[in-house]
Amino acid sequence: MTKNEAANFMSVQFAALSENESFARVVVAAFVSRLDPTMDELNDLKTVVSEAVTNCIIHGYDSNPEGIVSISARIEHETVHLTIEDQGNGIEDLELAQQPLYTSKPELERSGMGFTIMENFMDAFEVTSEPGRGTSISMKKTIVSKKALYN
């Protein structure tokens with residue numbers, strides 16, 4: 001990035017309510033739309049946002065609507081950087097939580113695939129968490145412009 005090129009960024013916070021998951025998807029999709037993503041890229045981004053926000057609500061805050069979910073996004077060239085975080089329960093055993101099919105809430109019929117989906121749909125994925133202080137999920141994805149696909 002040159003000195004005169006600034007990264008575009010945004011941030012939003014909202015109550016940890018399940019109905020805000022669709023809001024989060026739309027906000028990120030609208031922000032990324034200037035990169036002209038393919039439908040697959042857009043669907044991947046919307047899916048990871050859904051997974052991360054749902055994890056914040058269900059696991060981070062135990063569905064307590066008083067919690068706050070934060071999303072920040074930055075675009076540098078064609079790469080989208082996303083961070084989705086809560087200040088909730090945190091994760092006791094991060095390695096275990098990232099194992100496919102593991103869920104700490106089997107009574108809610110959770111699939112335990114959220115982290116696996118996020119990791120597979122994005123170019124980079126990292127989770128940091130501290131019990132009692134919350135969890136932060138950082139991801140990035142480079143968007144291949146549709147224009148490039150047809151030239």
Side-chain angles (χ1 to χ4, degrees), residues 1-91 93-95 97-100 110-151:
M1 192 171 315
T2 66
K3 183 178 176 181
N4 293 332
E5 274 184 279
N8 191 6
F9 66 92
M10 70 91 183
S11 64
V12 63
Q13 293 183 321
F14 50 89
L17 295 165
S18 60
E19 58 258 38
N20 284 337
E21 178 211 334
S22 60
F23 166 74
R25 291 168 54 103
V26 169
V27 167
V28 171
F31 179 69
V32 172
S33 67
R34 75 171 193 84
L35 294 177
D36 197 23
T38 65
M39 286 304 295
D40 286 342
E41 290 168 330
L42 198 55
N43 286 333
D44 287 354
L45 287 164
K46 289 165 62 176
T47 298
V48 300
V49 168
S50 289
E51 293 292 338
V53 168
T54 298
N55 278 355
C56 291
I57 294 167
I58 291 177
H59 299 289
Y61 293 118
D62 290 322
S63 299
N64 178 351
E66 292 180 14
I68 297 172
V69 178
S70 301
I71 298 177
S72 60
R74 185 176 82 251
I75 295 174
E76 293 180 353
H77 302 290
E78 286 77 36
T79 301
V80 179
H81 301 262
L82 281 175
T83 301
I84 301 172
E85 54 194 354
D86 64 64
Q87 303 300 312
N89 298 321
I91 300 170
D93 187 338
L94 193 52
E95 188 175 325
Q98 292 185 69
Q99 295 301 310
R110 308 299 302 165
S111 70
M113 293 299 290
F115 286 147
T116 302
I117 289 168
M118 288 181 251
E119 185 173 21
N120 285 313
F121 283 18
M122 301 299 280
D123 299 331
F125 167 82
E126 181 181 7
V127 180
T128 56
S129 188
E130 188 175 335
R133 301 198 72 166
T135 301
S136 178
I137 302 168
S138 298
M139 304 172 276
K140 73 177 182 178
K141 184 172 190 74
T142 298
I143 302 299
V144 178
S145 173
K146 286 191 278 190
K147 294 174 200 133
L149 293 175
Y150 299 114
N151 289 334

Quiz prompt | Spacing of Leu82 atom CG and Ser138 atom OG [to the nearest 0.5 Å] | solution = 9.0 Å

Quiz item: Would the number of heavy atoms belonging to other residues, nucleotides or ligands and lying under 6.0 Å from CD of Glu19 be above 12?
Solution: yes

Quiz item: Can Ile143 and Leu45 be said to form a side chain to side chain contact (heavy atoms under 4.5 Å, CB included), step by step?
Solution: CA-CA 10 Å; Ile143 302 299; Leu45 287 164; 4.0 Å; yes

Practice problem: Starting at OG of Ser22, measure out to NZ of Lys46 and round the result to the nearest 0.5 Å. | Solution: 10.0 Å

Exercise. Please report the shortest heavy-atom distance between Ala24 and Val53, naming the atom on each side.
Key: CB-CG2, 3.9 Å

Quiz prompt | Audit row: His81, Glu76, side chain to side chain contact (heavy atoms under 4.5 Å, CB included) steps and yes/no | solution = CA-CA 8 Å; His81 301 262; Glu76 293 180 353; 3.8 Å; yes

Practice problem: Indicate the atoms forming the closest heavy-atom contact of His77 with Arg34, along with that distance. | Solution: O-NH2, 4.5 Å

Quiz item: Rounded to the nearest 0.5 Å, what separation is found between the CD atom of Gln87 and the CZ atom of Arg133?
Solution: 8.0 Å

Quiz item: Looking at CG of Leu42 and OG of Ser33, how far apart are the two atoms once the value is rounded to the nearest 0.5 Å?
Solution: 8.0 Å

Self-check item: Heavy-atom closest pair, residues Val49 and Arg25
Solution: CG1-N, 3.9 Å

Quiz item: Asp62 side chain to Asn64 main-chain N or O, any donor-acceptor pair under 3.5 Å?
Solution: no

Self-check item: Arg74 side, atom CZ; Thr79 side, atom OG1 - distance, nearest 0.5 Å
Solution: 9.5 Å

Practice problem: Measure the spacing between CE of Met118 and CD1 of Ile137 and express it to the nearest 0.5 Å. | Solution: 4.0 Å

Quiz item: Closest approach of Lys141 and Asp123, non-hydrogen atoms and distance?
Solution: CA-OD2, 3.3 Å

Quiz item: Does one side chain, of Ser11 or Ser72, offer a donor that lies under 3.5 Å from an acceptor on the other?
Solution: no

Quiz prompt | Side-chain touch Phe115/Ile91, heavy atoms, less than 4.5 angstrom | solution = yes

Practice problem: Using atom types as modelled and distance alone, determine if a side-chain donor or acceptor of Glu41 lies under 3.5 Å from a backbone N or O of Thr38. | Solution: yes

Quiz item: Okay, side chain of Asn89, backbone of Pro131: is any donor-acceptor separation there less than 3.5 Å?
Solution: no

Exercise. Indicate yes or no for a side-chain donor-acceptor contact from Tyr61 to the backbone of Asp86 under 3.5 Å, with no hydrogens or angles considered.
Key: no

Self-check item: Trace of the side chain to side chain donor-acceptor pair (under 3.5 Å) decision for Gln13 with Ser70
Solution: CA-CA 4 Å; Gln13 293 183 321; Ser70 301; 3.1 Å; yes

Practice problem: Look at the side chain of Asn20 and the backbone N and O of Ala15, then say whether any donor-acceptor pair between them is shorter than 3.5 Å. | Solution: yes

Quiz item: Under 3.5 Å, is there a donor-acceptor pair between the Ser50 and Glu21 side chains?
Solution: yes

Quiz item: Do any N or O atoms from the side chain of Glu130 and from the backbone of Thr135 form a donor-acceptor pair under 3.5 angstrom?
Solution: no

Exercise. Determine, step by step, whether Phe31 and Ile75 satisfy the side chain to side chain contact (heavy atoms under 4.5 Å, CB included) criterion, reporting the C-alpha distance in whole Å, the side-chain angles of both residues, the deciding distance to 0.1 Å, and the verdict.
Key: CA-CA 9 Å; Phe31 179 69; Ile75 295 174; 3.5 Å; yes

Practice problem: Indicate the ring-plane relationship of Phe14 and Phe23, choosing parallel, tilted or perpendicular according to the 30° and 60° boundaries. | Solution: perpendicular

Quiz item: Just checking, any donor-acceptor pair under 3.5 angstrom between side chains of Glu78 and Thr142?
Solution: no

Quiz item: Ser136 and side chain to side chain contact (heavy atoms under 4.5 Å, CB included): which partner among Thr83, Ile84, Val127?
Solution: Thr83

Practice problem: Using a 4.5 Å cut-off on heavy atoms from C-beta on, say whether the side chain of Val28 contacts that of Met10. | Solution: yes

Self-check item: side chain to side chain contact (heavy atoms under 4.5 Å, CB included) between Met139 and Val48, intermediate numbers included
Solution: CA-CA 9 Å; Met139 304 172 276; Val48 300; 4.0 Å; yes

